[in-house]
Amino acid sequence: MRGVAVCFGTFTNIKALWEVRIEKEKEKLQLEKVAREKTSKRIAHVWEDRVSFAKLKEKVISEDGRLILRIEKEEWKNLPPSLVKLSNLQEWQIHRTNLMKIPNFIAKFNNLIVLDLSRNSISELPKEIGQLVRLRELLVSYNRIKDVPVELSGCECLEKLELAVNRDISDLPHQLSNLKKLYHLDLSMNQFTTIPEAVLNMPALEWLDMGSNRIRTLPDAIDSMKNLHTLWIQRNEIASLPESISNMTNLSTLVLSNNKLQDVPACLLQLSNLRFVNFRDNPLHLQVTLPPCENPDEEDERELFGLEFMHTYIQESLQRETGDSYAAVLSVSIEMEG
């Protein structure tokens with residue numbers, strides 16, 4: 001019986017040993033399989049990157065002495081890392097490609113002057129964008145951006161910024177007032193409820209579009225934008241204009257159509273450089289009829305709610321106020337005599 005027990009024990013040990021060896025072999029084979037898959041994926045990725053890079057190189061053109069990457073209406077949801085090999089590019093013009101992300105390696109492109117990524121699916125601006133110290137134009141309208149990073153203030157040469165039709169931007173970091181050269185800003189079709197403080201303090205700003213937002217009031221400090229000559233604030237909820245707007249002496253274009261204005265303030269007469277204004281589609285109290293044109297041929301080109309309308313409206317409004325005041329004085333005088 002002892003011999004049988006020994007044989008049985010030996011067999012059990014041998015079986016356990018083989019099971020361990022088999023398990024280790026399986027693990028080894030599994031590891032080799034994973035390694036092969038990783039190698040295969042890496043090779044495929046490298047190959048795809050090379051193919052993508054070859055396609056990108058075909059999109060590079062030279063125009064007006066600038067190297068430009070121009071892609072239109074092609075599927076490029078992501079840009080390959082190999083793009084850094086073209087770090088001498090001065091412009092990106094990538095439109096309608098469904099691009100979802102601006103790569104973090106954007107900082108490598110320190111020669112970029114224009115970054116035009118309009119009409120894509122970009123959801124955020126990376127912090128690295130603030131390292132583009134030579135960038136003059138950042139055009140990212142018609143995307144899905146919700147916030148603007150503080151780091152954008154590092155783009156000290158930025159002159160033109162377009163963030164229109166992102167639909168969800170509601171404020172800007174106050175640090176953006178450090179953009180001393182910015183003269184053109186488009187924030188239309190977003191969620192702003194007023195003009196941000198950063199915008200009011202941009203010293204070089206000349207052109208501002210904040211149309212189709214949710215603006216209800218304009219800040220009293222609006223006149224701090226001393227160099228502004230064009231202001232688009234149509235399609236908002238503005239019910240009145242601050243008196244300080246009369247100090248914006250460089251203003252030549254003022255578009256206020258589709259708001260909730262009930263009156264045209266007389267202070268606008270102080271805007272001596274105003275050449276174009278639009279009050280169309282506002283619930284104004286007075287019904288004003290413009291005098292007939294001296295030249296009938298000019299009637300079709302006449303702006304019914306423009307500069308002439310503004311002057312006529314204010315004149316009639318002042319006359320009515322004067323008439324009402326005179327009537328009130330006369331009424332008091334009659335009562336006293338009685």
Side-chain angles (χ1 to χ4, degrees), residues 56 59-61 63-74 76-79 83 86-87 89-169 171-173 176 178-192 196 198-199 202 204-213 230-232:
L56 287 174
K59 305 297 181 182
V60 177
I61 62 171
E63 191 174 277
D64 297 328
R66 291 184 184 179
L67 279 178
I68 303 171
L69 174 63
R70 182 174 291 162
I71 308 176
E72 297 273 353
K73 298 180 181 179
E74 294 183 13
W76 286 87
K77 290 186 177 181
N78 295 287
L79 296 172
L83 183 58
L86 299 174
S87 60
L89 287 169
Q90 293 167 291
E91 290 192 28
W92 287 14
Q93 296 180 7
I94 304 176
H95 308 143
R96 300 179 188 274
T97 66
N98 284 324
L99 183 67
M100 300 180 70
K101 183 180 180 182
I102 300 175
N104 293 338
F105 58 73
I106 187 71
K108 302 285 186 181
F109 292 80
N110 51 22
N111 290 314
L112 267 184
I113 296 173
V114 176
L115 183 56
D116 185 355
L117 304 175
S118 305
R119 298 182 183 277
N120 282 293
S121 301
I122 299 165
S123 59
E124 65 176 348
L125 296 175
K127 295 178 180 180
E128 289 79 4
I129 205 167
Q131 298 178 42
L132 302 177
V133 294
R134 296 178 183 172
L135 192 67
R136 296 180 194 168
E137 298 184 15
L138 176 58
L139 315 176
V140 285
S141 295
Y142 292 89
N143 276 286
R144 299 174 183 175
I145 299 166
K146 295 183 178 181
D147 298 296
V148 178
V150 172
E151 287 77 8
L152 184 61
S153 61
C155 298
E156 55 191 29
C157 288
L158 199 63
E159 298 175 353
K160 189 174 184 179
L161 176 59
E162 294 191 351
L163 292 160
V165 201
N166 277 282
R167 301 189 183 279
D168 289 322
I169 303 174
D171 200 5
L172 297 178
L176 293 196
N178 293 328
L179 298 174
K180 306 297 184 184
K181 297 183 179 181
L182 192 75
Y183 71 87
H184 176 108
L185 180 59
D186 191 347
L187 300 173
S188 59
M189 293 191 71
N190 279 292
Q191 295 295 319
F192 291 94
V199 176
M202 291 176 176
L205 196 62
E206 297 179 1
W207 192 99
L208 175 62
D209 189 347
M210 294 200 69
S212 298
N213 274 281
T230 300
L231 178 58
W232 296 75

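Computed over heavy atoms, backbone and side chain alike; hydrogens, waters and symmetry mates excluded. Numbering of residues begins at 1 and proceeds along the displayed sequence.
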Within the 4.5 Å heavy-atom criterion, are Leu99 and Leu117 side-chain neighbours or not? yes

Would you please classify the geometry between the Trp207 ring and the Trp232 ring as parallel, tilted or perpendicular, with 30° and 60° separating the classes? tilted

Less than 3.5 Å apart, any donor N or O on the side chain of Glu162 or His184 sitting next to an acceptor on the other? yes

Any donor-acceptor pair under 3.5 Å from Asn120 side chain to Asn98 backbone: yes

Evaluate the criterion side-chain hydrogen bond (donor to acceptor under 3.5 Å, both in side chains) for residue pair Arg134 and Asn110; output intermediate values, then yes/no. CA-CA 7 Å; Arg134 296 178 183 172; Asn110 51 22; 5.2 Å; no

Look only at the side chain of Asn166 and the backbone of Arg144, and say whether a donor-acceptor pair between them is shorter than 3.5 Å. yes

Do Ser188 side-chain atoms and Gly211 backbone N/O form a donor-acceptor pair below 3.5 Å? no

Salt bridge (charged side-chain N to carboxylate O under 4.0 Å, His left out) evaluation trace for Arg70 with Glu63: CA-CA 11 Å; Arg70 182 174 291 162; Glu63 191 174 277; 3.2 Å; yes

Kindly say whether Asn190 contributes a backbone atom to a donor-acceptor pair with the side chain of Asn213 at under 3.5 angstrom? yes

Closest heavy-atom pair, Leu176 versus Met202, reported as atoms and distance to 0.1 Å, is O-CE, 3.7 Å

Spell out, as yes or no, whether a donor-acceptor pair under 3.5 Å connects the side chain of Asp168 to the backbone of Lys146. no

Could you tell me which non-hydrogen atom of Asn143 sits nearest to which non-hydrogen atom of Val140, and how far apart they are? ND2-O, 3.1 Å

Nearest atoms (heavy-atom pairs only) where Gln90 meets Arg66: OE1-CA, 3.1 Å

When you look at CZ of Phe192, are more than 12 heavy atoms from neighbouring residues, nucleotides or ligands closer to it than 6.0 Å? yes

Cys155 and Leu179 have their tightest heavy-atom pair at O-CD2, 3.3 Å

Is the shortest heavy-atom distance from the side chain of Asp209 to the side chain of Leu185 under 4.5 Å? no

Here the pair of heavy atoms bringing Ile145 nearest to Glu124 is CG1-N, 4.3 Å

Should Ile113 and Leu135 count as side-chain neighbours, where that means a heavy-atom distance under 4.5 Å? no

Looking only at heavy atoms, which two atoms of Val133 and Gly154 are closest? And how far apart? CG1-O, 4.0 Å

When you compare the side chain of Trp76 with that of Ile71, does any pair of heavy atoms fall below 4.5 Å? yes

Donor-acceptor check, side chain of Ser153 to backbone of Val150, threshold 3.5 angstrom: yes or no? yes

If I take atom CG from residue Leu187 and atom CD from residue Gln191, how far apart are they, to the nearest 0.5 angstrom? 12.5 Å

How about NZ on Lys160, more than 12 heavy atoms from neighbouring residues, nucleotides or ligands closer than 6.0 Å, or not? yes

Is there a side-chain contact between Arg96 and Arg119 (heavy atoms, below 4.5 Å)? yes

In the structure I gave you, are the side-chain heavy atoms of Trp92 and Val114 within less than 4.5 Å of one another anywhere? no

